[in-house]
Amino acid sequence: AQSVTQLGSHVSVSEGALVLLRCNYSSSVPPYLFWYVQYPNQGLQLLLKYTTGATLVKGINGFEAEFKKSETSFHLTKPSAHMSDAAEYFCAVTINTGNQFYFGTGTSLTVIP
Amino acid sequence: EAQVTQNPRYLITVTGKKLTVTCSQNMNHEYMSWYRQDPGLGLRQIYYSMNVEVTDKGDVPEGYKVSRKEKRNFPLILESPSPNQTSLYFCASRRGQNSNQPQHFGDGTRLSIL
């Protein structure tokens with residue numbers, strides 16, 4: 001089975017500062033990795049995904065993530081935080097023959113003006 | 001508009017009273033899934049369905065039932081709800097059999113079991 005660990009349940013950054021949200025995964029086979037964002041009272045929206053190919057993945061709203069197999073990581077970054085980035089972020093993993101998805105416990109991002 | 005629709009959005013009920021949360025998608029997606037979201041635990045998969053009449057257990061299926069009689073609908077049934085099933089529930093759908101496709105989520109159903 002696969003699993004995901006998100007370090008830091010709460011992260012605060014100043015507006016304009018770098019955003020770094022950490023995700024480590026466990027999988028015995030090549031994983032498919034996803035980052036989702038959840039705004040208050042809404043469902044989850046896909047930010048970006050890694051399946052195969054280029055390990056640096058760009059997503060919506062200026063976010064990107066890099067798949068590092070040697071570190072079993074898929075950290076999410078954004079160069080400059082905006083107030084509208086305040087939300088809950090979830091990392092998720094599955095495999096190419098899998099239909100079960102495993103989500104991390106989430107990281108709540110606060111952006112300070 | 002492509003969407004996943006859940007009903008009801010909010011429900012307060014009592015222990016043991018059977019309830020059904022409906023989920024419908026208009027994207028002709030083959031794959032559908034139910035999750036529950038609890039503080040500090042993230043989202044956990046309850047059941048999923050690869051297509052009509054094909055369902056399977058996720059990580060936390062105890063106390064839940066599902067059915068997939070039509071492609072667009074995937075109701076979640078709590079036959080005898082208990083307080084530990086108080087949670088925020090999400091339905092999601094995905095195109096095709098390939099798990100590299102992203103899931104589309106509904107807006108959630110908040111259940112309170114007293």
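Annotation: side chain of A/Y102 is not in contact with side chain of B/Q45 (no heavy-atom distance under 4.5 Å).
Of all heavy-atom pairs spanning A/Q38 and B/L88, the tightest one is NE2-CD2, 4.5 Å. In terms of heavy atoms, B/R9 sits closest to A/N41 at NH2-O, 3.7 Å.
Residues of residues 11-19 of chain B lying within less than 4.5 angstrom of chain A, judged on heavy atoms, are absent.
Both the backbone and the side chain of B/L43 come within contact range of chain A, each with at least one heavy atom under 4.5 Å from a heavy atom of that chain. In this structure, no portion of B/R44 lies under 4.5 Å from any heavy atom of chain A. Contact annotation for A/T105: both backbone and side-chain heavy atoms come within less than 4.5 Å of a heavy atom of chain B. Proximity to chain B is limited to the side chain of A/L46, based on heavy atoms less than 4.5 angstrom apart. For B/D59, the parts lying under 4.5 angstrom from a heavy atom of chain A are both the backbone and the side chain. For B/Q37, the part lying under 4.5 angstrom from a heavy atom of chain A is the side chain only. In this structure, the portion of A/Y36 lying under 4.5 Å from any heavy atom of chain B is its side chain and not its backbone.
In summary, the aromatic rings of A/F101 and B/Y48 are positioned with their centroids too far apart to meet the 6.0 Å limit.
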